[in-house]
A.B. asks: 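Below is the structure I would like to discuss, written out as structure tokens.
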Amino acid sequence: MTNLDILTLPDPVLRQKSAMVERVDDDARRFMDRMLATMYDAPGIGLAAIQVGEPRRIITMDVAREEEPKNPLFLVNPEIIWTSDDERSTYEEGCLSIPDYYAEVERPAKVRVRYVDYDGKAQEMEADGLLATCVQHEIDHLNGVLFIDYLSKLKRDLVVRKFTKAARERERERQHRF
Ligand code: GNR
Ligand code: NI
């Protein structure tokens with residue numbers, strides 16, 4: 001099973017809104033397996049399908065620590081149905097699509113999420129701690145939102161400029177070789 005390529009800033013695909021998944025069939029499950037393998041390899045604790053160029057409402061997550069047993073989660077068409085508006089928490093976030101950049105983001109500390117699981121069954125889960133932050137970060141991806149969107153315009157523009165310059169240099173290097 002080959003890993004999928006992860007898109008990085010400023011790829012405009014990352015700003016696309018992903019579409020609802022009509023049904024969880026074997027094809028969707030094969031894709032979710034490849035997403036999970038890609039996420040573990042990266043390594044990351046979450047991955048949204050749009051990060052590998054597929055505008056479908058699918059996310060994979062595993063926030064288990066290294067010493068804990070693996071706990072892969074597959075969420076199709078996830079929807080936040082409740083947030084703890086009075087209780088918020090701050091995490092230093094990173095994103096596989098914005099490599100080596102980290103910043104603190106404040107979000108609701110707890111969320112309740114409705115989704116369809118790997119077997120196509122409707123489920124709900126309540127998340128807190130890192131899982132709550134991660135699932136909100138991933139659902140944002142499905143709506144074309146990145147964690148840098150919560151930073152000041154000054155910080156965001158700086159990051160976007162840095163990645164735009166790096167992409168330009170990679171492209172220049174590529175052209176040079178041909
Ligand atoms: O691997 C990841 N770590 C992480 C840390 C804090 C908050 C969110 C995340 S998600 C990120 C992987 C990723 O980019 N998912 O979209
Ligand atoms: Ni991300």
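Sequence positions, counted from 1, serve as the residue numbers for this chain. Order of listing sets the numbers, starting from 1, for every ligand and every atom in it. The analysis underlying the following values was restricted to heavy atoms, covering all of them including side chains, and did not include hydrogens, waters or symmetry mates.
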A.B. asks: Closer than 3.5 angstrom, by distance alone: can the side chain of D62 be matched with the main-chain N or O of N71 as a donor-acceptor pair?
C.D. replies: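 Yes, because the side chain of D62 sits within donor-acceptor range (under 3.5 Å) of the backbone of N71.
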A.B. asks: Centre of F31's six-membered ring, under 6.0 Å away, within 45 degrees of the axis: is that where NZ or CZ of R56 sits?
C.D. replies: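 Satisfied, under 6.0 Å and within 45°.
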A.B. asks: One line per pair, note the atom names and distance for all nitrogen or oxygen contacts under 3.5 Å between ligand 1 and the protein.
C.D. replies:
unit_1	atom_1	unit_2	atom_2	d
ligand 1	1 (O)	I45	N	3.0
ligand 1	14 (O)	Q51	NE2	3.3
ligand 1	14 (O)	L96	N	2.8
ligand 1	15 (N)	G46	O	3.1
ligand 1	15 (N)	E138	OE1	3.2
ligand 1	15 (N)	E138	OE2	2.7
ligand 1	16 (O)	Q51	OE1	2.8
ligand 1	16 (O)	Q51	NE2	3.4
ligand 1	16 (O)	H137	NE2	3.2
ligand 1	16 (O)	E138	OE1	2.7
ligand 1	16 (O)	E138	OE2	3.0
ligand 1	16 (O)	H141	NE2	2.9

A.B. asks: Could you please give the number of protein N/O/S atoms within less than 2.8 Å of the Ni ion (ligand 2)?
C.D. replies: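 My tally for this metal is 3.
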A.B. asks: Under the criterion side chain to side chain contact (heavy atoms under 4.5 Å, CB included), I'd like the reasoning laid out for E93 against H137: C-alpha separation, chi angles, the key distance, then a yes or no.
C.D. replies: CA-CA 9 Å; E93 298 197 17; H137 174 120; 3.0 Å; yes
A.B. asks: Grab the two heavy atoms, one from C95 and one from F147, that are nearest each other, plus how far apart they are.
C.D. replies: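 Nearest heavy atoms, C95 then F147: CB-CE2, 3.6 Å.
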A.B. asks: Can you check whether L151's main-chain N or O pairs, donor with acceptor, with R156's side chain at less than 3.5 Å?
C.D. replies: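 Pair found, side chain donor or acceptor close to backbone of L151.
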A.B. asks: Does the cation-pi check pass for K155 over Y101, that is, NZ or CZ under 6.0 Å from the six-membered ring centre and within 45° of its axis?
C.D. replies: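 Cation-pi check for K155 and Y101: fails.
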A.B. asks: Please test R112 against E126 for salt bridge (charged side-chain N to carboxylate O under 4.0 Å, His left out), starting from the C-alpha separation and ending with a verdict.
C.D. replies: CA-CA 4 Å; R112 193 162 180 85; E126 197 159 307; 3.2 Å; yes
A.B. asks: Could you check whether K121 pairs with D117 (Lys NZ or Arg NE/NH1/NH2 to Asp/Glu carboxylate O, under 4.0 Å)?
C.D. replies: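 Salt bridge flag = no for D117 with K121.
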A.B. asks: Between Q16 and V13 (side chain of the first, backbone of the second, donor and acceptor by atom type, cut-off under 3.5 Å), is there such a pair?
C.D. replies: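 Side chain of Q16 to backbone of V13, a donor-acceptor pair under 3.5 Å: no, none is there.
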